[in-house]
Amino acid sequence: MPRGPWPAPRTVRQAAELHALLTTSGGILYRPYAHHLLNSAVNCLLPSEPLHLRYALHVFDRLPASTFLLGTALRACFRAGSSSWGDPDRPFLLFRRTRRAGVRPDAFAFHFLFKCSSSRPHALLCTMLHAACLRTMLPSAAPFVAHSLIHMYVELGLAGDARRAFDEITVKDAVAWTMVISGLAKMGMLGDAQLLLSQAPVRDVISWTSLIAAYTRANRANEAVGCFKSMLSEGIAPDEVTVIGVLSACAQLKDLELGHSLHLLIKEKGMLMDENLVVALINMYAKCGDFVHAQQVFDAMGRGPRPHSWNAIIDGYCKHGHIDVARSLFDQMEVCDLITFNSMMTGYIHSGQLREALLLFMNMRRHDLRVDSFTVVCLLTACASLGALPQGRALHAFIEQRLVEADIYLGTALLDMYMKCGRVDEATIVFQRMGKRDVHTWTAMISGLAFNGMGKAALEHFYQMRRDAVQPNSVTYIAVLTACSHSCLLSEGRLYFDEMRILYNIHPHIGHYGCMIDLLGRSGHLDEAMDLVNTMPIQPNAVIWASILSACRVHKHIDLAQCAAEHLLKLEPDEDGVYVQLYNIYIDSRQWENASKIRMLMEERQVKKTAGYSAITVAGQVHKFVVSDKSHPRILEIIAMLEEISHRLKSVGYSPLTSQITVDVDEEEKEQTLLGHSEKLAIAFGLISLAPNLPVHIIKNLRVCEDCHSAIKLISRLWNREIIVRDRSRFHHFREGKCSCDDFW
DNA sequence: TTAGGGTTAG
């Protein structure tokens with residue numbers, strides 16, 4: 001054992017040698033110098049293996065308790081705690097043991113205890129440590145203790161406690177101000193953070209930056225940019241982190257001009273282009289649709305092995321519909337992560353390529369990626385638009401088994417899936433079980449009820465939403481007005497259409513006008529509907545003229561129908577639906593000549609009729625039928641069932657609506673054509689293959705024809721079967737001879 | 001032995 005000063009160890013090996021000396025040479029341990037040496041040994045050991053740290057703590061256990069060593073040991077625990085092998089209880093056990101030995105903890109001990117507690121969600125423990133600290137010392141006496149105390153409460157999301165800890169400090173230093181402001185901002189208490197910022201004696205780059213980032217995270221990009229401007233006007237220079245936050249706000253606002261000027265600022269100031277800044281820049285350019293610059297930054301900096309910048313540009317391409325470019329980048333990636341897959345899958349889903357999305361999902365396993373709630377939300381969205389109920393249910397089971405953490409997005413996507421599959425009861429159960437509901441959740445519920453023809457229930461949910469103090473937004477009002485129009489609730493619709501402006505300052509856009517015009521048209525107030533078309537501040541679009549056209553058909557208003565059709569044919573000359581609607585109107589009113597003119601016009605313009613189909617899922621397999629389809633392997637049984645249907649329908653006085661068929665064939669053949677409609681084939685197949693207690697669930701790409709609608713009502717009664725048909729724009733729930741749409745669709 | 005802010009997917 002050398003007598004002179006022993007050099008502080010620099011390597012694990014030197015530290016181990018020192019440990020050996022310290023533990024074998026007895027008396028030296030009691031000299032303060034040994035404590036310093038031990039301390040530097042721990043510094044060497046900390047970033048190395050868990051075994052070394054355990055050894056160091058083992059040595060602490062055998063040393064006589066001292067304030068100094070407690071601090072060092074707690075620091076060791078804290079450093080270890082950030083890795084997976086740290087024992088979370090150790091610091092608190094150490095603290096208790098030393099206190100029992102009569103040792104008074106000092107500021108450093110409390111500092112590290114608070115730091116250790118930040119990662120443990122244990123509010124009571126924190127309060128007890130806080131109280132112990134106050135009994136021993138004043139946090140203000142050592143500013144860093146006050147800082148770590150605030151930090152601890154912030155990390156645990158305890159805003160009130162963080163604020164109290166701050167208020168307790170008698171002499172508040174600049175860091176304490178910054179910490180409480182950034183902490184409140186991080187917890188989403190933006191109003192409080194903003195107020196404190198205005199009261200702070202010094203506002204530095206960090207407090208401004210945290211507020212900017214928090215506004216951006218809360219989707220309040222305008223306010224984030226506002227903060228940035230105030231910060232500049234106070235003469236505070238932004239740094240890299242500030243710029244990242246503002247770039248993200250620019251991406252949200254699609255403010256390319258500001259984004260580009262920030263890029264210039266980065267170059268001018270020679271800011272460090274680290275990965276985070278590169279990601280933020282690429283994201284800004286890509287979200288603004290400036291792929292020339294996005295690609296430039298990406299090619300210069302982002303093509304590294306790590307996926308973050310790839311993710312930013314891939315998501316940008318997906319969001320702008322350039323799925324193929326995104327996919328080609330995706331295929332070039334060496335390392336993908338969950339975000340890459342989720343972005344790509346979302347891209348595919350939004351562009352309607354559901355199969356590709358599901359293939360990617362299958363691929364995730366090969367990359368050893370665990371599915372998370374984002375992924376499940378993507379898949380549920382796909383199930384919802386496909387109407388894939390069994391697959392959606394499988395995902396629900398996956399959630400119930402807690403294989404993925406459920407959050408508010410997941411709950412909303414799940415209830416939306418059930419709604420879009422026509423399962424109002426299951427959607428309602430999901431809704432009722434959700435602990436937290438935001439405006440999206442309520443809107444999904446209201447719009448789901450609306451499309452399923454339960455307008456009154458939708459409005460009841462709207463009242464309840466407001467009772468729960470959730471503010472409706474523009475989309476909520478679309479759902480509310482849809483509920484009114486699908487259930488013909490005219491006076492309610494009028495009320496809400498006016499109310500949204502007065503109560504919430506939401507100005508109606510084309511979608512709201514569309515719902516209102518649809519509602520007026522359906523209720524037979526075609527003049528009023530046309531008044532609104534003529535007086536609204538926006539040019540009417542195809543959806544609006546299509547509503548007028550359908551209302552004209554129901555209310556037999558030929559002249560107006562012609563006018564609406566003319567507008568539609570100008571706006572969407574290739575859309576077959578318009579021709580078909582107008583054609584049917586002429587047929588209904590027996591204007592054969594006009595009808596054949598429409599037919600000729602279609603031929604002339606080479607407009608092709610979209611092939612109608614109906615799909616039904618049996619035992620996880622989707623069966624798709626087109627009109628007069630003979631391709632199904634069980635076609636003989638299906639035909640036999642169709643004959644039975646025809647026979648039983650006629651026995652209760654039903655006569656097929658053959659007037660809709662204009663082809664010059666005999667009545668028998670017309671009946672056969674109607675019987676071969678895809679929805680009837682799908683229902684016949686459902687009746688022969690599904691258990692009698694299961695509802696028959698059909699998904700159709702076009703509107704249900706009138707003959708099928710009447711026939712299905714009767715089938716539901718005769719077979720005592722619930723039949724659900726999702727058509728192009730709504731749901732029909734057939735039960736006991738009635739339909740939820742009240743024959744209005 | 002002591003301190004604060006951040007990006008990409010629904």
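Chain letters run A, B, ... following the sequence lines, proteins first and then strands; every chain starts at 1. Remember, predicted model here, so these are calculated numbers, not experimental data. Note that these values count all heavy atoms, side chains included, but never hydrogens, waters or copies made by symmetry.
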**OP:** Using atom CG of A/Leu247 as one end and atom C1' of B/dT7 as the other, report the distance to the nearest whole Å.
**Re:** 9 Å

**OP:** Measure from the side-chain heavy atoms of A/Ile244 and tell me the nearest of B/dT8, B/dG6, B/dG5.
**Re:** B/dG6

Subject >> Nearest to side-chain heavy atoms of A/Ile206, which nucleotide of B/dG6, B/dG5, B/dT1 >> reply: B/dG5

Original post:
Between B/dT8, B/dG4, B/dG6, which one does the side chain of A/Val241 approach most closely?
Top reply: B/dG6

Subject >> Closest to the A/Tyr409 side chain, choosing from B/dT7, B/dG10, B/dG4 >> reply: B/dG10

**OP:** Send over the distance from A/Met187 CE to B/dG5 P, rounded to a whole Å.
**Re:** 12 Å

**OP:** Give a yes or no on whether a salt bridge exists between A/Glu155 and A/Lys186, defined as a side-chain N under 4.0 angstrom from a carboxylate O.
**Re:** yes

Original post:
Nearest-Å distance, CG (A/Asp173) to C1' (B/dT2)?
Top reply: 12 Å

For residues 276-287 of chain A, please give each side-chain donor-acceptor pair under 3.5 Å, one per line with the distance, not counting sequence neighbours.
unit_1   : atom_1 : unit_2   : atom_2 : d
A/Asn283 : OD1    : A/Lys287 : NZ     : 2.9
A/Tyr285 : OH     : A/His260 : ND1    : 2.8
A/Tyr285 : OH     : A/His263 : ND1    : 2.8

Subject >> Contact under 4.0 Å: A/Lys287 side-chain N or O vs B/dA9 OP1/OP2 >> reply: yes

Original post:
Do A/Asp407 and B/dG10 share a donor-acceptor pair, side chain to base, under 3.5 Å?
Top reply: yes

**OP:** Name the nucleic acid region contacted by A/Thr412, choosing base, sugar-phosphate or nothing; use a 4.0 angstrom heavy-atom cut-off, strictly under.
**Re:** nothing

**OP:** Counting heavy atoms from C-beta on, name the nucleotide in B/dG5, B/dA9, B/dT7 closest to the side chain of A/Asn342.
**Re:** B/dA9

Original post:
If you check the A/Phe374 side chain, which of B/dT1, B/dG10, B/dG6 turns out closest?
Top reply: B/dG10

**OP:** Using the six-membered ring for Trp and the full ring for Phe, Tyr or His, decide whether A/Phe108 stacks on the six-membered base ring of B/dT2 (centres under 5.5 Å, planes under 30°).
**Re:** no

Original post:
Looking at the side chain of A/Asp274, which of B/dG6, B/dA9, B/dG5 is the nearest nucleotide?
Top reply: B/dG6

Subject >> Distance test, side-chain N/O of A/Asn283 to OP1/OP2 of B/dT8, below 4.0 Å >> reply: yes

Original post:
Would A/Phe341 and A/Phe361 count as a close aromatic pair, with their ring centres under 6.0 Å?
Top reply: no

**OP:** Let me know the distance between CG of A/Leu113 and P of B/dT1, rounded to the nearest Å.
**Re:** 20 Å

**OP:** Look at all strands and tell whether A/Asp337 reaches a base, only sugar-phosphate, or nothing, counting heavy atoms closer than 4.0 Å.
**Re:** nothing

**OP:** Would you classify A/Ser248 as touching base, sugar-phosphate or nothing, given that sugar-phosphate means primed atoms plus P, OP1 and OP2, and contacts are heavy atoms under 4.0 Å?
**Re:** sugar-phosphate

Subject >> Length of the CG-C1' vector between A/Leu211 and B/dG6, whole Å >> reply: 14 Å

Original post:
Using 4.0 Å as the upper bound for N to carboxylate O, is an ion pair formed by A/Asp161 and A/Arg164?
Top reply: yes

Original post:
What is the distance, rounded to the nearest whole Å, between atom CZ of A/Phe114 and atom P of B/dT2?
Top reply: 17 Å

Subject >> Minimum-distance pair of heavy atoms, taken over all atoms of A/Thr412 and A/Ala444 >> reply: CG2-CB, 4.0 Å

Original post:
Hey, does A/Val205 reach any base, or is it just sugar-phosphate, or nothing, if we go heavy atoms under 4.0 Å?
Top reply: base

Subject >> Side-chain heavy-atom pair A/Phe291, A/Phe298 within 4.5 angstrom cut-off >> reply: no

**OP:** Under 4.0 Å between any heavy atoms, over every strand shown, what does A/Thr209 touch: base, sugar-phosphate, or nothing? Just pick one.
**Re:** base

Original post:
Nearest of B/dG10, B/dT1, B/dG5 to any side-chain atom of A/Ser373?
Top reply: B/dG10

Subject >> A/Ser328-A/Asp331 side chain donor-acceptor pair, cut-off 3.5 Å >> reply: no

Subject >> Nearest to side-chain heavy atoms of A/Arg217, which nucleotide of B/dT1, B/dG6, B/dA9 >> reply: B/dG6

Original post:
How close or far is atom P of B/dT8 from atom CG of A/Asp372, stated in whole angstroms?
Top reply: 16 Å

Original post:
Are the aromatic rings of A/Phe144 and A/Phe108 close, with centres under 6.0 Å apart?
Top reply: yes

**OP:** Ignoring the backbone of A/Phe112, work out which of B/dG4, B/dT2, B/dG6 is nearest its side chain.
**Re:** B/dT2

Subject >> B/dG5 base / A/Ser210 side chain donor-acceptor hit below 3.5 Å >> reply: no

**OP:** Validate the cation-pi geometry between A/Arg437 and A/Phe431: distance from NZ or CZ to the six-membered ring centre under 6.0 Å, angle to the ring axis within 45°.
**Re:** yes

**OP:** Could you state the atom-to-atom distance from CG of A/Leu379 to C1' of B/dA9 in whole Å?
**Re:** 13 Å

Subject >> Residues from residues 296-322 of chain A lying under 4.0 Å of DNA chain B - heavy atoms >> reply: A/His308, A/Asn311, A/Asp315, A/Lys319

